[in-house]
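All values below were derived from every heavy atom in this structure, side-chain atoms included, with hydrogens, water molecules and symmetry-related copies excluded.
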Amino acid sequence: MRTRRIRRARAAALAVPLALLLPSCSAGADREADGGPSPSRSAVTETTAGPASEELRNIASASAEAEESAAFSPPDPSPGPEAVRDAFAGLQATLNDSCDTPGNCEYLLNRVVDELERLDAAMKADSKGPGHFTEPIEWIAAMRERIGEDRSYEHLESHQDLIFGTRGRINVWMQDHPDDYR
């Protein structure tokens, strides 16, 4: 709502100066539309320095006030927790990748761990409650406990079977619960 008012105020602030310029632009340089001589520059300035000029200042002032109030308005609330289906889609996107390529393996292991963490958070925040997702949440917690805080490639590589095994178990579990990801 506030954004519309700001846009309208800006549009009005731009429209008035254009409207003031159009009569002088539409006719010839020294002739008005009715064929008579055009007024001198000083006459045009005198005409526009009155009420229209004051209206322009009022519009500019209103526009500045609107921008200032928008600058101090609170930010929009965050969209909330991620949906389980979206987090699961991220995990599924890793299913066809493997550690066959050495450069890809480090990225993949970190990504799968990140995707499992995202899914864990989404399941805990889901409206069905964490009780609905008891097994997957436990599997992720067990993996997290065994891996610990060390996210180095060497450490994750030593837990590669655990990471991919957790991903596989959760994928099978989710396939048996299609209402959670469709």
Side-chain angles (χ1 to χ4, degrees), residues 1-15 18 59-182:
M1 183 77 153
R2 201 177 304 176
T3 305
R4 283 189 222 148
R5 282 186 267 166
I6 292 170
R7 287 182 184 154
R8 286 182 186 149
R10 286 181 183 162
L14 292 174
L18 289 175
I59 291 171
S61 174
S63 177
E65 287 173 17
E67 285 180 18
E68 185 177 311
S69 69
F72 293 109
S73 65
D76 290 336
S78 64
E82 183 174 22
V84 170
R85 91 181 127 74
D86 295 337
F88 181 57
L91 183 65
Q92 280 190 307
T94 68
L95 287 175
N96 293 326
D97 287 340
S98 69
C99 276
D100 294 341
T101 308
N104 186 50
C105 191
E106 180 176 3
Y107 164 77
L108 178 62
L109 289 171
N110 275 295
R111 177 163 178 208
V112 171
V113 171
D114 288 343
E115 295 294 345
L116 288 168
E117 293 291 338
R118 282 180 52 214
L119 184 59
D120 183 55
M123 287 175 169
K124 288 176 180 174
D126 191 78
S127 62
K128 293 177 183 176
H132 177 73
F133 301 100
T134 304
E135 290 173 307
I137 290 173
E138 288 174 359
W139 298 330
I140 295 170
M143 179 201 71
R144 186 185 302 118
E145 185 177 319
R146 290 210 28 220
I147 291 175
E149 297 293 319
D150 187 357
R151 295 290 291 264
S152 67
Y153 172 58
E154 293 76 22
H155 184 69
L156 292 180
E157 186 180 35
S158 70
H159 292 289
Q160 177 178 334
D161 291 340
L162 173 65
I163 294 168
F164 290 154
T166 304
R167 174 187 67 178
R169 288 173 83 183
I170 290 174
N171 184 52
V172 169
W173 189 93
M174 290 293 288
Q175 297 301 326
D176 289 339
H177 297 82
D179 57 311
D180 290 322
Y181 67 89
R182 287 192 181 155

Quick one: closest heavy-atom pair of [X] and [Y], and the distance?
X      : Y      : answer
Asp150 : His155 : O-CD2, 3.0 Å
Lys124 : Pro130 : O-CD, 3.9 Å
Cys105 : Gln160 : SG-OE1, 4.2 Å
Gln92  : Gln175 : NE2-NE2, 3.1 Å

Nearest-0.5 Å distance that lies between atom [atom1] in [X] and atom [atom2] in [Y]:
X      : Y      : atom1 : atom2 : value
Glu138 : Glu145 : CD    : CD    : 12.0 Å
Thr166 : Asp161 : OG1   : CG    : 10.5 Å
Asp86  : Leu91  : CG    : CG    : 13.0 Å
Cys99  : Leu109 : SG    : CG    : 4.0 Å
Ile163 : Glu115 : CD1   : CD    : 13.0 Å
Ile137 : Leu116 : CD1   : CG    : 12.5 Å

(request) Side-chain contact test, heavy atoms from C-beta onward, threshold under 4.5 Å: evaluate it for Leu119 versus Arg167 and give yes or no. (result)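 The answer is no, as the side chains (C-beta and beyond) never meet within the 4.5 Å cut-off.
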(message) Are Arg144 and Asp120 packed together at the side-chain level, in the sense that at least one heavy-atom pair is separated by less than 4.5 angstrom?
(response)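 They are in side-chain contact.
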(message) Please check if the number of heavy atoms outside Arg151 that lie under 6.0 Å from its CZ is greater than 12.
(response)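 Above 12, so yes.
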(message) Which residue in the set Ile170, Ile140, Asp126 passes side-chain contact (heavy atoms from CB on, under 4.5 Å) when paired with Phe133?
(response)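 Only match with Phe133 under side-chain contact (heavy atoms from CB on, under 4.5 Å): Asp126.
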(request) For the pair His177 and Trp173, name the ring-plane relationship: parallel under 30°, tilted 30 to 60°, perpendicular over 60°. (result)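 Ring orientation, 0 to 90° scale: parallel.
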(message) Is it true that Glu106 and Asn110 share a donor-acceptor pair across their side chains at a distance under 3.5 Å?
(response)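 Distance-only check fails for Asn110 and Glu106.
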(request) Decide side-chain contact (heavy atoms from CB on, under 4.5 Å) for Met143 and Val112; before the verdict, give the C-alpha distance in whole Å, the side-chain angles of both, and the deciding distance to 0.1 Å. (result) CA-CA 12 Å; Met143 179 201 71; Val112 171; over 6 Å; no
